[in-house]
Amino acid sequence: MQLTFPDGKKKTYDAPITPLAIAKAISSSLAKKTVAAFLDDTLYDLNRPIDRDGAIRLITESDDEAFEILNHSSAHLMAQAIKRLYPNAQFGVGPAIEEGFYYDVALDESLKEDDLLKIENQMRKLVKENHEMIRQEVSREAALTFFKDDFYKTTLIEAIPEGDAITLYRQGDFVDLCRGGHIGFTGKIKHFKLLSLAGAYFRGDSSGPMMQRIYGTAWFSKDALDAHLSMLEERKERDHRKLGKELKMFMLNSEVGQGLATWLPNGYAVRKVLEDYVYDQERKAGYLHVSTPVLGTKHLYETSGHWDHYQENMFPPMEKDDETFVLRPMSCPHHMKIFQSDLRSYRDLPLRYAEIVTQHRYEASGALTGLERVRAMTLTDAHIFVRPDQIKEEVINAYELIETAIADLGLEIAYIEFATRDDSKSKFHDNDRLWNLAETILEDVLKDAEIPYKKVPGEAAFYGPKIDFQVKTVLGHMITMSTIQLDFLLPERFDLNYINASGEKERPVVIHRGYISTFERLMSILLEQYKGAFPTWLAPVQAIVIPVNQAVHGEHAKALKQHLIDLGYRVNVDQRDEKLGYKIRDAQTQKIPYQLVIGDQEMAEDQVTYRQYGSSDQHTVSTAEFEALLAADVARKSRPQ
RNA sequence: GCCGGAAUAGCUCAGAUGGUAGAGCAACUGACUUGUAAUCAGUAGGUCACGGGUUCGACUCCUGUUUCCGGCACCA
């Protein structure tokens with residue numbers, strides 16, 4: 001039997017031979033680090049015998065695939081430990097995930113935090129016992145017979161497509177249904193920790209049973225595990241809810257209402273900068289700003305179709321004077337009425353309406369998370385009315401506007417999701433011709449613009465396909481930042497039209513454009529991104545003036561503060577009768593970008609001594625120089641210096 | 001909405017087995033008059049989330065509710 005290595009070398013072996021044996025033959029240190037192997041494109045467990053020719057690649061601890069294999073095996077190890085402690089336990093799925101693994105368990109008793117330690121200790125025992133994890137291919141019938149009393153596993157087996165191999169993995173007394181790859185021996189799993197308990201629906205079906213999910217993480221070295229755990233701690237420090245409280249940005253008060261955020265002065269200062277930014281960018285890009293009410297009649301939303309398709313996400317209707325009103329969850333219907341308010345010519349198009357507006361959506365209570373998921377949100381919402389021949393250009397314009405904003409905010413587009421419909425007809429507007437046309441145009445735009453994208457069938461809006469701009473936050477969450485949605489349906493429902501060149505009525509197409517998410521969600525992202533230390537253009541307080549001696553320099557400091565405020569900056573002065581060190585410390589704690597110290601020399605020479613957040617360097621410059629520096633800092637927004 | 005956990009001063013947190021609460025920071029007052037991350041002293045601050053129950057007595061035990069946290073489901 002001949003195996004070809006990645007460097008092209010061929011070696012001959014007596015079949016069968018395991019990846020472990022192959023690695024051992026090369027060196028014992030390689031064997032230690034080897035986790036599994038690829039034979040051509042098939043993943044082989046460390047101990048799965050290879051009995052045919054092919055291209056072999058040994059996977060070692062440093063390879064990307066290794067972490068996944070280790071964690072997948074750790075999930076099995078945990079299941080084995082649970083089975084020992086709770087013989088009646090049944091299992092759902094137990095995959096490796098980005099930062100570790102989980103396993104879903106069905107148990108009569110509910111697990112407690114303390115139980116995680118018990119399970120962890122049992123896992124360590126099993127590691128010491130060093131069970132071999134043996135792969136076995138079985139027939140569907142054999143698998144079903146083996147798991148005949150296990151509702152979860154039989155359901156999973158039945159879901160495996162006909163013709164696919166069904167494999168079992170045995171380690172000691174524990175057997176699990178699994179497609180593999182595994183690390184071969186439980187003894188290879190050394191550095192792990194169980195992290196949390198959660199509920200999870202079996203197969204993600206909220207009408208089905210709920211299982212107990214245990215999350216854990218496994219690494220190849222103690223250092224790597226420790227580094228991961230301290231990273232998890234650091235993440236908590238970055239949590240926008242914690243930072244938002246510390247920096248007095250916003251509050252969520254149960255008496256105000258669940259999911260209803262209150263912006264405090266600091267938070268609103270940041271939001272106002274963002275509002276002004278989007279308004280100005282839109283103005284330059286030819287958008288026309290409008291303002292429409294927070295309430296609308298139920299009839300309006302029946303016309304748009306939201307009442308039928310979106311009702312469960314809306315607050316219940318209210319009645320007054322024989323009229324039924326709803327709190328608007330979106331702006332589209334209002335903007336449709338604006339388009340309709342006048343006779344439109346083909347020469348008027350594209351018409352771009354934008355509005356900074358508050359909307360209310362009834363989000364499930366369990367979904368609410370700080371500012372990330374709220375029930376009242378403010379955003380800039382735009383609807384662009386175009387002729388069919390203008391679609392492509394306007395989609396590209398919107399794309400560019402969004403791209404610029406994301407860069408100005410110091411964020412990055414991770415990828416773009418192209419959401420199309422799938423076969424579940426009831427979820428989507430029933431018009432094949434329009435759907436196919438809409439999807440074709442959007443995909444053409446994506447292709448022509450050479451934008452990398454990922455197609456996600458079934459994720460479209462009910463009125464049409466869309467592209468979503470996904471941003472990865474510093475905490476690793478993927479968040480939809482912006483969206484461009486094509487809509488052939490609402491113009492039809494509202495019977496919108498314009499007069500074309502031949503004097504005939506024609507139907508416009510609507511592009512829904514979400515710009516930079518909602519101000520609430522954006523605030524949460526930015527707080528976490530900058531760990532509360534906002535770049536100068538966004539900072540709620542951009543500079544604080546600190547007199548060395550309040551009695552001597554206080555008046556001058558106050559005047560300097562007012563001078564900078566008059567120039568358009570957000571500036572405070574610390575007039576407390578405290579020592580300089582105390583006031584500096586306080587300013588650093590508040591993460592104010594510039595601290596301006598005023599003493600005898602500065603007062604006499606019209607200078608400031610500034611110090612930036614996070615640095616202990618001091619620079620003495622003339623007030624004019626400092627103003628120029630501040631202006632340049634604000635102008636570059638969040639882009640790198 | 002579902003599973004599990006939590007809720008003590010403005011903030012961060014202590015408070016064994018039931019005997020009505022403490023610290024640090026912040027606030028306020030006074031002294032100090034300050035040159036780059038905490039000057040000293042004093043004062044005030046709490047329906048222990050809310051409602052019911054058990055008990056001679058509940059922050060503590062039971063129970064219901066609310067909100068928050070970790071997930072799941074949801075997320076135009």
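Proteins come first, then strands; the chains are lettered A, B, ... in the order of their sequence lines, and each starts at number 1.
Heavy atoms from other residues, nucleotides or ligands lying under 6.0 Å from NZ of A:K531 number more than 12. For A:E109, the CD atom sits in a packed shell: over 12 heavy atoms of surrounding residues, nucleotides or ligands are nearer than 6.0 Å. In the displayed structure, A:D108 atom CG is contacted under 6.0 Å by at most 12 heavy atoms of other residues, nucleotides or ligands.
B:G45 and B:C61 are spaced 30 Å apart, taking the C1' atom of each and rounding to whole Å. Nucleotides B:G42 and B:C48 have their P atoms positioned 28 Å apart, rounded to a whole Å. Comparing the C1' positions of B:U60 and B:U20 gives a spacing of 11 Å, expressed to the nearest Å. A gap of 44 Å separates the P atoms of B:G30 and B:G70, to the nearest Å. With P as the reference atom, B:A73 and B:A37 are 49 Å apart, rounded to whole Å. Atom P of B:U47 sits at a distance of 13 Å from the matching atom of B:C11, rounded to the whole Å. On the P atoms, B:G46 is 30 Å away from B:U65, given to the nearest whole Å. With P as the reference atom, B:U12 and B:G18 are 29 Å apart, rounded to whole Å.
Applying the salt bridge (charged side-chain N to carboxylate O under 4.0 Å, His left out) test to A:K591 and every residue at least two apart in sequence or in another chain returns nothing. Residues satisfying the ring pair (Phe, Tyr, Trp, His ring centres under 6.0 Å) test with A:W435, not counting sequence neighbours, are A:F428. Taking A:F519 as the reference, nothing meets the ring pair (Phe, Tyr, Trp, His ring centres under 6.0 Å) condition, with sequence neighbours excluded.
Partner of A:F91 under the ring-ring contact (aromatic ring centres under 6.0 Å, His included) criterion, out of A:Y86, A:Y103, A:Y152: A:Y103 alone.
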Go along nucleotides 34-52 of chain B 5' to 3' and tag each nucleotide: B for a protein heavy atom under 4.0 Å from its base, S when only backbone or sugar atoms are that close, - otherwise.
-> BBBBBB-------------
For each nucleotide in nucleotides 3-11 of chain B, reading 5' to 3', give B when a protein heavy atom comes within less than 4.0 Å of its base, S when such contact involves only the sugar-phosphate, and - otherwise.
-> BSS-----S
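Base contact: A:A364 has a heavy atom under 4.0 Å from a base atom. Within the nucleic acid shown, A:H512 has no heavy atom closer than 4.0 Å to any nucleic acid atom. Residue A:Y215 is in sugar-phosphate contact alone, with no base atom involved, counting any heavy-atom pair closer than 4.0 Å across all strands shown. Counting non-hydrogen atoms under 4.0 angstrom, A:G204 reaches the backbone sugars and phosphates but no base.
As rounded to whole Å, 7 Å separates atom C1' of B:C75 from atom OH of A:Y310. Between A:M377 atom CE and B:A76 atom C1' the separation is 11 Å, expressed in whole Å. Rounded to a whole Å, the CZ atom of A:R421 is 18 Å from the P atom of B:A76. Atom CG of A:L475 and atom P of B:G70 are 11 Å apart (whole Å). For the pair A:L247 CG and B:A26 P, the computed distance is 17 Å after rounding to whole Å. At whole-Å resolution of the value, CG in A:D104 and P in B:G70 are 19 Å apart. Regarding A:Y103, its OH atom lies at a distance of 19 Å from the C1' atom of B:G71, rounded to whole Å. Taking atom CD on A:E363 and atom P on B:C74, their separation rounds to 13 Å, with Å as the unit.
As the counterpart of B:C40, B:G30 is assigned, both hydrogen-bonding distances of the Watson-Crick or G-U wobble pattern falling under 3.5 Å. Pairing partner, B:U67: B:A6, with both Watson-Crick or wobble hydrogen-bond distances short of 3.5 Å. Nucleotide B:C72 is matched to B:G1 when pairs are restricted to Watson-Crick or G-U wobble geometry with both distances under 3.5 angstrom. Of all nucleotides present, only B:G22 satisfies the Watson-Crick or G-U wobble test against B:C13, with each distance under 3.5 Å.
In this structure, A:K455 fails the cation-pi test against A:F418, since its NZ or CZ atom is not both closer than 6.0 Å to the six-membered ring centre and inside 45 degrees of the ring normal. Relative to the six-membered ring of A:Y594, A:R611 misses at least one condition, a distance below 6.0 Å or an angle of at most 45° to the axis.
The six-membered or imidazole ring of A:H619 lies near that of A:Y610, with a centre-to-centre distance under 6.0 Å. Aromatic ring centroids of A:Y215 and A:F101 lie 6.0 Å or more apart. Under the 6.0 Å cut-off for aromatic ring centres, A:Y301 and A:Y310 do not qualify, their centroids lying 6.0 Å or more apart.
One can find a donor-acceptor pair under 3.5 Å joining the base of B:C74 and the side-chain atoms of A:R373. Checked by distance alone, A:Y362 brings no side-chain donor or acceptor within 3.5 Å of a matching partner on the base of B:G1.
Judged purely by distance below 3.5 Å, without hydrogens or angles, the side chains of A:Q485 and A:Y463 pair a donor atom with an acceptor atom. In this structure, a donor-acceptor pair under 3.5 Å is present between the side chains of A:S622 and A:E625.
In B:A27 the O4'-C1'-N dihedral to the base is more than 90° from 0, which defines an anti nucleotide.
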Would you list the protein and nucleotides 62-69 of chain B atom pairs, both N or O, that sit under 3.5 Å from each other?
residue: B:U67; atom: OP1; partner: A:Q258; partner atom: OE1; Å: 3.1
residue: B:C68; atom: OP2; partner: A:Q258; partner atom: NE2; Å: 2.8
residue: B:C69; atom: OP1; partner: A:R241; partner atom: NH1; Å: 2.7

